[in-house]
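Data first, discussion second: the structure below is written as structure tokens.
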Amino acid sequence: MQTFDFDLLVIGGGSGGVRAARMAAGRGAKAALVEASPALGGTCVNVGCIPKKLYSYAAHFSEAFEHSHGFGWEGTAPTLNWPLLKANRAREITRLNGVYAAILHNAGVHCIAGFAQLQDPHRVSVNGSTYSARHILLATGGKPHVPAMEGREHVLSSNEIFDVAPFPKRLLIVGAGYIACEFASIFTGLGARVTQLDRGSQVLRGFDEDVRRFIGQEMQKAGVLMRHGVEVAHIDKAADGLHIHLKDGSSLQADAVLYATGRVPNVQGLGLEAAGIAQGKQGAIVVNAQYQTSQPSVYAVGDVTARVQLTPVALGEAMVVVDQLFGPAAGKPPRAMSYDFIPTAVFTHPNIGTVGYTEEAAREKFAAITIYRTDFKPLMHTLSGSGERTLMKLIVETATDRVVGLHMVGAEAGEIVQGFAVAMKAGATKAVFDATIGIHPTAAEEFVTMREPVAPAKPA
């Protein structure tokens with residue numbers, strides 16, 4: 001019987017990879033993890049979810065100060081110390097990197113620093129050394145995609161924007177996805193004059209149309225200048241900043257340009273071809289329902305497969321693989337991963353929270369649906385002076401009365417929608433929503449008090 005150095009060798013020290021390695025070690029497997037970056041935690045910890053949310057918190061303080069006047073607070077407006085915010089964020093990320101390292105060490109995972117390259121379905125080379133493994137797990141995540149163009153060297157991606165220096169008084173953001181919209185809100189709140197460009201007609205393609213329209217309006221109210229239907233031709237650098245030339249012949253200036261035009265699987269140099277690993281669009285690793293690649297001994301989870309690019313999804317997929325290979329935890333059934341009713345938040349200002357089908361997708365999926373929708377001024381803003389409004393929407397399959405879509409644009413939408421996601425995963429009907437007593441006065445109670453549909457049931 002062939003012997004191997006490890007039972008499981010994981011390539012990639014992000015959320016999914018770390019979870020798989022430490023849980024496999026906890027089941028008695030000899031596990032190793034290879035990571036090229038000195039900072040463990042992957043995109044989410046280092047240049048994604050965590051620092052972005054910290055900056056989102058920071059951005060809320062300026063508007064909170066303005067809102068306080070309506071509640072009787074007076075005083076001098078605070079000013080942002082950008083270097084201090086960056087330093088504090090970096091310190092917290094360094095702490096989290098250490099937490100990840102300690103978790104792996106305490107679990108008995110053998111950590112290997114360096115860039116891994118597959119030699120075949122059971123062997124990996126790192127820094128000139130070769131390691132063999134019965135099973136290999138690819139969890140290398142994704143990376144920002146910046147299209148080729150003249151002046152590309154002058155732009156930032158979402159990896160670099162956290163440390164931009166000096167603070168850009170004029171920031172141009174190219175893109176209309178959730179990353180572009182989040183940074184547009186963040187830097188507007190921090191005091192930049194933000195212009196957001198996209199080649200389409202509205203932000204957040206793939207989200208519910210009511211949500212797209214509503215958040216676009218709210219972001220513009222907050223000060224984001226949006227220009228739709230335009231594309232960048234090239235960018236020049238001059239003494240007075242960056243000159244952005246558009247394909248329609250117009251131009252504008254900025255101190256910094258952020259390209260948030262999507263992400264692609266991080267597979268370059270992995271040796272997938274040599275190992276016979278099949279790839280799909282943009283290099284994404286193709287996997288089956290068990291997360292096996294075209295080589296049965298090699299698995300892949302998370303953003304590198306380009307399925308659902310969310311940290312909790314990568315964690316869930318990692319646990320499915322570990323249970324398959326080394327058995328479930330004592331007394332627990334094997335994990336299964338369902339991609340139905342995955343809740344998602346977008347940390348724009350205001351936030352977006354969504355779970356289930358959009359209205360457009362529901363009309364294609366179900367014979368008939370009923371829509372409930374409301375938008376209103378939140379109680380806080382009756383005194384704050386802000387014109388910000390909140391949107392809430394329910395999509396119900398008419399035949400079964402099941403709530404199949406729930407969408408919100410408003411303060412703390414992510415926190416609110418998470419709880420409703422549990423109910424929807426359990427199959428809650430509109431009757432169950434109606435029978436639930438609301439907490440008053442809250443925005444969340446609107447989800448259990450919407451009684452009248454705004455549109456009759458329609459055939460698909």
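Remember, predicted model here, so these are calculated numbers, not experimental data.
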Ignoring hydrogens, what is the shortest heavy-atom contact between Q295 and I277? Give both atom names and the distance. CG-CD1, 3.6 Å
F65 versus S68, closest heavy-atom pair with distance: O-OG, 2.6 Å
Could you tell me whether F183 and Y178 have their ring centroids closer than 6.0 angstrom? no
Examine distances only and state if a side-chain atom of T188 and a backbone atom of S185 form a donor-acceptor pair shorter than 3.5 Å. no
Between S62 and G191 (side chain of the first, backbone of the second, donor and acceptor by atom type, cut-off under 3.5 Å), is there such a pair? no
Evaluate the side-chain proximity of F207 to V346: yes if any heavy-atom separation is below 4.5 Å, no if none is. yes
Can we say E388 and K221 salt-bridge, meaning some charged N sits less than 4.0 Å from an Asp/Glu carboxylate O? no
Which pair of non-hydrogen atoms, one from T429 and one from T400, has the smallest distance, and what is that distance? CG2-O, 4.0 Å
Regarding K393 and E359, does a basic nitrogen lie under 4.0 Å from an acidic carboxylate oxygen? yes
Decide, yes or no, whether a salt bridge links E397 with R402 under the criterion of side-chain N to carboxylate O below 4.0 Å. no
Hey, is the main chain of V230 close enough, under 3.5 Å, to the side chain of R199 for a donor-acceptor pair? no
Testing the basics here: between L40 and V45, what is the closest heavy-atom pair and its distance to 0.1 Å? O-CG1, 4.2 Å
Can you check whether M392 reaches R373 side chain to side chain, under 4.5 Å on heavy atoms? no
Ignoring hydrogens and geometry, is there a side-chain-to-backbone donor-acceptor pair from Q279 to I285 under 3.5 Å? no
R152 side chain to V146 backbone, donor-acceptor under 3.5 Å: yes
Looking at Y372, is K430 sitting on its ring face, NZ or CZ under 6.0 Å from the six-membered ring centre and within 45 degrees of the normal? yes
Which residues pass the ring pair (Phe, Tyr, Trp, His ring centres under 6.0 Å) test with H407, not counting sequence neighbours? none
Using 4.0 Å as the upper bound for N to carboxylate O, is an ion pair formed by R213 and E209? no
Between N46 and N159, is any side-chain donor less than 3.5 angstrom from a side-chain acceptor? no
Donor-acceptor contact below 3.5 Å, side chain H122 vs main chain A133: yes
Side chains of residues 12-30: which donor-acceptor pairs under 3.5 Å do they make with residues two or more places apart or in other chains?
| from | atom 1 | to | atom 2 | distance (Å) |
| --- | --- | --- | --- | --- |
| R27 | NH1 | D323 | OD1 | 2.8 |
| R27 | NH1 | G327 | O | 2.6 |
| K30 | NZ | D5 | O | 3.3 |

Side-chain donor-acceptor pairs of residues 410-428 under 3.5 Å, sequence neighbours excluded:
| from | atom 1 | to | atom 2 | distance (Å) |
| --- | --- | --- | --- | --- |
| K425 | NZ | S338 | OG | 3.1 |
| K425 | NZ | D340 | O | 2.9 |

Going by an N to O cut-off under 4.0 Å, is there a salt bridge joining D208 and R212? no
Under the 3.5 angstrom rule, does the side chain of Q117 hit a backbone N or O of G269 as a donor-acceptor pair? yes
Using every non-hydrogen atom in the two residues, find where Q196 and C181 come nearest and quote the distance to one decimal. NE2-SG, 3.6 Å
Salt-bridge contact R89-E92 (side-chain N to carboxylate O under 4.0 Å): no
Give a yes-or-no answer on whether the side chains of T370 and T398 include a donor-acceptor pair shorter than 3.5 Å. yes
Is it true that atom OH of Y57 has more than 12 heavy atoms of other residues, nucleotides or ligands lying nearer than 6.0 Å? no
D7 (side chain) donor-acceptor with H135 (main chain) under 3.5 angstrom: no
Looking only at atom types and distance, does a side-chain atom of R451 sit under 3.5 Å from a main-chain N or O of V448, one as donor and one as acceptor? yes
Do S386 side-chain atoms and H381 backbone N/O form a donor-acceptor pair below 3.5 Å? no
Do the two ring centres, one from Y55 and one from F162, sit under 6.0 Å apart? yes
Here the pair of heavy atoms bringing R263 nearest to G142 is NH2-O, 2.8 Å
Side chains of S56 and H349, donor plus acceptor under 3.5 Å: yes
Spacing of OG1 belonging to T195 relative to CZ belonging to R193, to within rounding of 0.5 Å: 7.0 Å
